[in-house]
Amino acid sequence: MDRETILVVEDEGMVRRFAVRALKEVGYTVLEAAHGVEAIELVERHPGPVHLLFTDLVMPRVSGRALAEALRRRRPGIRVLFTSGYPPNAFSEDVPGDHGFILTKPYEMGSLAQRVREVLDHFG
Amino acid sequence: MTVFVVEESPALAARLLERLQLVPELAVIGVARNVMEAIRVIPILEPDLVITDTESGDGGGLALLHVLQARRAMACRGPRVLLWTGCADPQRRAVAEGLGAEARFDKTREVDLLVDYCRQAAKRHG
């Protein structure tokens, strides 16, 4: 069975590599970018579907929310899972309840894989 | 109101972002380090306002204004543009205004004025 394609966007290299490895180990196709500009360019070039965006909320070049909104316009149907080191209630304005889920850092590989699956399955 | 900043100096960008992020009516959604990056990304992010310099390091500051003007002409919409620049050349300024830049602020002395202008623009934006 072909697994979905996940785009991981995270400016901290070690965290990004951890997430990419975790998702590849459970069979996803993983694209990665260190910041939102790179993510946008990657998606523009990628010929296949991108099923889920996993992105840090607070990043230096493009905010996670702005990235998610931009990619939703380009790739309708893309699901979004945000991550942050801040507690979820710190982002009530940034993460509208109907359009985003959050995974708080630090997270374990299993938690990431589970949460990604939940988001993918939630939207069917 | 969403804002996109084009600034090659990380220190200057950080200084401006720090001030802009204190304004609740503004949301800085992106920062490009050069004009080519901005040209690729601005059409996708669709900010309401772009703050840029005509004197970017890669020489393309006016090129960005050309691109944004062309998009406004084609799509009947596009971001407002403010100049934040150290360039005092009146001819260059006139060209930039002709390409749609609505105001200019001096990088060394007028960051407060720029931020206040953005605040007022955001309030009118609603």
Side-chain angles (χ1 to χ4, degrees), chain A residues 7 9-13 31-50 52-53 55-78 80 82-86 89-97 99-100 102, chain B residues 1-53 56-58 60 64 67-68 71 75 77-80 118 122 125-126:
Chain A
L7 170 60
V9 187
E10 168 62 62
D11 56 306
E12 289 182 55
L31 308 175
E32 63 176 289
H35 52 78
V37 173
E38 186 180 344
I40 287 169
E41 294 176 333
L42 191 57
V43 170
E44 290 292 286
R45 288 194 310 266
H46 185 67
V50 180
L52 185 141
L53 166 67
T55 179
D56 197 352
L57 255 177
V58 179
M59 293 186 291
R61 303 275 286 282
V62 176
S63 73
R65 187 188 184 194
L67 175 63
E69 289 180 3
L71 292 186
R72 282 192 182 113
R73 286 192 294 269
R74 299 303 249 220
R75 302 282 186 133
I78 188 171
V80 179
F82 294 107
T83 184
S84 175
Y86 296 92
N89 58 10
F91 293 99
S92 55
E93 291 181 6
D94 280 328
V95 184
H99 300 287
I102 293 183
Chain B
M1 191 168 78
T2 57
V3 181
F4 190 94
V5 174
V6 186
E7 175 53 55
E8 63 171 356
S9 162
L12 286 175
R15 180 182 168 213
L16 178 59
L17 259 60
E18 195 177 275
R19 296 297 308 281
L20 292 172
Q21 284 164 351
L22 293 175
V23 182
E25 296 91 347
L26 300 176
V28 179
I29 62 171
V31 181
R33 291 183 180 162
N34 57 62
V35 166
M36 291 314 299
E37 198 171 271
I39 287 174
R40 289 195 296 272
V41 171
I42 285 174
I44 297 171
L45 289 179
E46 297 185 3
D48 297 311
L49 177 70
V50 171
I51 299 173
T52 185
D53 188 350
S56 66
D58 57 5
L64 174 59
V67 168
L68 294 178
R71 283 187 59 82
R77 63 189 175 112
R80 297 168 66 174
C118 293
H125 184 80

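Per chain, numbering begins at 1; letters A, B, ... match sequence-line order.
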Exercise. If you take all heavy atoms of Arg73(A) and Ile44(B), which pair is closest and at what distance?
Worked result: NH2-O, 2.8 Å
Problem set entry | Minimum-distance pair of heavy atoms, taken over all atoms of Ile29(B) and Ala66(A) | CB-CB, 3.4 Å
Problem set entry | Distance-minimising heavy-atom pair for Val31(B) and Val37(A) | O-CG2, 4.4 Å
For this session: State which residues pass salt bridge (Lys or Arg N to Asp or Glu O under 4.0 Å) with Glu18(B); sequence neighbours excluded, sorted by chain then number.
Result: none
For this session: With sequence neighbours left out, write down each residue that passes salt bridge (Lys or Arg N to Asp or Glu O under 4.0 Å) with Arg33(B), or none if nothing qualifies.
Result: none
For this session: Evaluate side chain to side chain contact (heavy atoms under 4.5 Å, CB included) for Arg40(B) paired with Glu44(A), printing each intermediate quantity in order.
Result: CA-CA 10 Å; Arg40(B) 289 195 296 272; Glu44(A) 290 292 286; over 6 Å; no
For this session: Among the options Leu67(A), Val62(A), Leu71(A), pick out the one with the most heavy-atom pairs lying under 4.5 Å from chain B.
Result: Val62(A)
Problem set entry | Over 12 non-hydrogen atoms of neighbours within 6.0 angstrom of CZ in Arg19(B) | yes
